[in-house]
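Beneath this line is the structure, given in structure tokens, with notes to follow.
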Amino acid sequence: MTDSLMPRPRESLRALLLSQEFFDRDPRVVARALLGKLLARRTPNGTLVGRVVETEAYLGTGDPAAHSFSGKTPRNAVLFGPPGLAYVYFIYGNHYCLNVSCLPDGVAGGVLFRALEPVIGIEAMARARDMSLSDKSALKRITSGPGRMAEAFGITRDRDNGKDFTSARSDLQLRDDGYRVRRVVVTRRIGIVKAAEEPLRYIIEGNPFVSGPKAWAKKT
DNA sequence: ATATCGATTATCT
DNA sequence: GATAATCGATATG
């Protein structure tokens with residue numbers, strides 16, 4: 001074959017950019033629908049891609065666990081804005097966490113990205129996390145957790161808060177490559193005390209890159 | 001394998 | 001001044 005002489009389709013053509021309408025829905029619906037989609041980050045050096053395997057829904061002003069519960073502030077303003085924007089917050093003096101805003105402009109709601117399965121740029125992700133891939137068990141820990149995946153992708157509030165996931169010109173995008181999720185498991189949310197019992201955490205059943213102890217990947 | 005604890009700072013009361 | 005949508009290290013069964 002003369003494969004190398006043919007114009008190679010760009011990566012972006014093989015995975016469709018998610019639209020703003022995709023995010024203009026209830027966070028529970030979006031959280032479920034995001035499983036299996038691709039998070040893509042364009043950097044000066046290369047591209048990072050991870051498949052979404054774990055999400056959590058935060059319901060806005062009616063949800064005691066949501067940052068938007070007590071109304072709009074400078075920090076959470078993005079959650080009240082248009083759908084499909086990156087909401088990044090800094091937590092415990094150590095970690096950034098990445099969310100996407102949901103529902104129409106003026107209505108709060110969002111989805112927290114909790115874990116990815118690395119697809120492209122694994123070496124770069126490991127570097128960003130100061131990890132070596134020589135240890136086989138290290139692979140699972142690169143992007144399995146909200147703080148971990150944010151660090152692997154170089155997400156910070158200064159750089160990324162408010163970015164449009166749905167813009168063709170954005171360096172932070174969400175795409176659909178046609179991957180089909182077999183089965184979804186819903187559990188209580190992790191790391192919170194308020195409204196923790198609500199079944200608002202969504203994971204791809206059996207996926208090894210889901211965060212937390214193995215037991216959390218099954219039920220609770 | 002599960003439990004506990006300390007780190008470290010932006011944000012809000 | 002208290003809190004937090006976490007992580008990694010350490011301790012213990």
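The chains referred to below are lettered A, B, ... by the order of the sequence lines, with proteins before strands, and numbering in each begins at 1.
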*Single-linkage hydrophobic cluster A:Val30~A:Leu85, side-chain heavy atoms < 4.5 angstrom*: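 In one cluster: no.
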_Assigning hydrophobic clusters by single linkage (Ile, Leu, Val, Met, Phe, Trp, Tyr; side-chain heavy-atom cutoff under 4.5 Å), is A:Phe80 placed with A:Val88?_
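The answer is no; the residues belong to distinct hydrophobic clusters.
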*Without swapping roles, check the side chain of A:Arg183 against the backbone of A:Glu205 for a donor-acceptor pair under 3.5 Å.*
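Between the backbone of A:Glu205 and the side chain of A:Arg183 there is no qualifying donor-acceptor contact (under 3.5 Å).
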*May I ask you to test the A:Val78-A:Asn99 pair for a side-chain heavy-atom distance under 4.5 Å?*
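Side chain of A:Val78 against side chain of A:Asn99, heavy atoms only: no contact under 4.5 Å found.
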_When you compare the side chain of A:Leu112 with that of A:His67, does any pair of heavy atoms fall below 4.5 Å?_
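Contact flag for A:His67/A:Leu112 side chains = no.
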Base, sugar-phosphate or nothing for [X]? Non-hydrogen atoms, less than 4.0 Å.
{"X": "A:Tyr92", "result": "base"}
{"X": "A:Ile192", "result": "sugar-phosphate"}
{"X": "A:Gly93", "result": "base"}

_Let's test this: given Watson-Crick or G-U wobble pairing with both distances under 3.5 Å, identify the partner of B:dT8._
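Because no pair has both required distances under 3.5 Å, B:dT8 counts as unpaired.
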_Watson-Crick or G-U counterpart of C:dA5, or none if no pair lies under 3.5 Å_ =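 WC or wobble partner does not exist here.
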*Enumerate the residues from residues 72-80 of chain A whose closest heavy atom to DNA chain B is under 4.0 Å, giving them by residue number; use none for an empty result.*
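The stretch gives A:Thr73, A:Arg75 as the residues lying under 4.0 Å from the strand, ordered by number.
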Is the phosphate of [N] approached by [X] (side-chain N or O, under 4.0 Å from OP1 or OP2)?
{"X": "A:Arg157", "N": "B:dT11", "value": "yes"}
{"X": "A:Arg141", "N": "C:dC7", "value": "no"}
{"X": "A:Arg201", "N": "C:dA5", "value": "no"}

*Is the CZ atom of A:Arg141 crowded by more than 12 outside heavy atoms at less than 6.0 Å?*
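No, CZ of A:Arg141 has 12 or fewer neighbouring heavy atoms, counting only those of other groups under 6.0 Å.
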_I'd like to know if A:Tyr89 reaches the base of B:dA10 with its side chain, counting only an N/O donor and acceptor under 3.5 Å._
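In this structure, the two groups form no donor-acceptor pair.
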Take atom [atom1] of [X] and atom [atom2] of [N], then tell me their distance rounded to the nearest Å.
{"X": "A:Met149", "N": "C:dA5", "atom1": "CE", "atom2": "C1'", "result": "13 Å"}
{"X": "A:Leu98", "N": "C:dT6", "atom1": "CG", "atom2": "C1'", "result": "15 Å"}
{"X": "A:Leu112", "N": "C:dC7", "atom1": "CG", "atom2": "C1'", "result": "14 Å"}
{"X": "A:Asn94", "N": "B:dG6", "atom1": "CG", "atom2": "C1'", "result": "10 Å"}

*Looking only at side-chain atoms of A:Phe90, point me to the closest of B:dT9, C:dT6, C:dG8.*
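It is B:dT9.
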*For DNA chain C, what residues of residues 63-71 of chain A have any heavy atom nearer than 4.0 Å?*
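Residues of residues 63-71 of chain A that come under 4.0 Å of DNA chain C are, in numerical order, A:Ala65, A:His67.
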*Can a donor-acceptor pair be found between the side chains of A:Arg148 and A:Ser144 at a distance below 3.5 Å?*
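A pair is found: one side chain offers a donor N or O, the other an acceptor, under 3.5 Å apart.
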*Is it possible for you to check whether A:Arg189 lies under 6.0 Å from the centre of the six-membered ring of A:Tyr58, through NZ or CZ, and within 45° of that ring's axis?*
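The answer is yes, since A:Arg189 meets both limits relative to A:Tyr58.
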*asked:* Is the ring pair A:Tyr96/A:Phe90 parallel, tilted or perpendicular, if the boundaries are 30 and 60 degrees?
replied: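 Tilted: the ring planes of A:Tyr96 and A:Phe90 meet at 30° to 60°.
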